[in-house]
Structures are given as structure tokens and as C-alpha cells.
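The basis for the numbers below is simple: all heavy atoms, side chains too, and nothing from hydrogens, waters or symmetry mates.
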Amino acid sequence: MLRPIFIAQSIFVATVLLSAPSFAVTAKEKMATCKFGADDQKLAGAARAKFMKNCMANKNDPRGGAGAAGGVPPPPKN
């Protein structure tokens with residue numbers, strides 16, 4: 001009964017860990033992870049250079065930086 005749940009959770013955890021380049025420990029591991037991501041997306045030229053720069057700087061979040069408020073937009077003014 002619990003086996004399908006365990007399998008689904010294991011797949012989810014593996015996917016999250018493999019898709020997060022920020023989990024690399026050393027610069028060499030980080031570079032390998034970023035290269036894998038660029039290769040996986042079939043990036044070349046300027047797009048690859050931009051991806052690698054952002055990846056190595058941990059700026060690969062398409063939503064932008066966290067900013068001073070931790071990524072939370074300011075409340076609307078009434």
C-alpha cells in the first residue's frame with residue numbers, strides 16, 4: 001500500500017536534487033553541473049555563456065534575485 005507513495009517520493013527527491021545546481025560543493029563540481037545543464041538545454045554561443053555565468057554565480061533563477069524583502073513583493077498601496 002505504501003510502496004507506490006515511497007517510489008513517488010523517491011523520484012521527486014531525486015529530480016529535485018539533480019535539477020538544483022546550487023547543491024554542488026566545490027567549484028569543480030559546480031562547473032560540471034552547470035556544463036551538464038547547458039548541454040542538456042543544447043545551449044551554444046552567447047546563450048551558453050550567459051547560462052554558465054548565471055549558473056556559476058547562483059543567479060539561474062528565472063524569477064530574479066531575492067532582493068531585500070526575500071523575494072516577497074511589497075504590499076499594494078491603497
Taking every non-hydrogen atom, the tightest pair across Met56 and Ala27: CE-O, 4.1 Å

Donor-acceptor contact below 3.5 Å, side chain Lys30 vs main chain Cys55: yes

Pairwise side-chain hydrogen bond (donor to acceptor under 3.5 Å, both in side chains) hits with a residue in residues 35-44, at least two apart: Asp39-Arg48

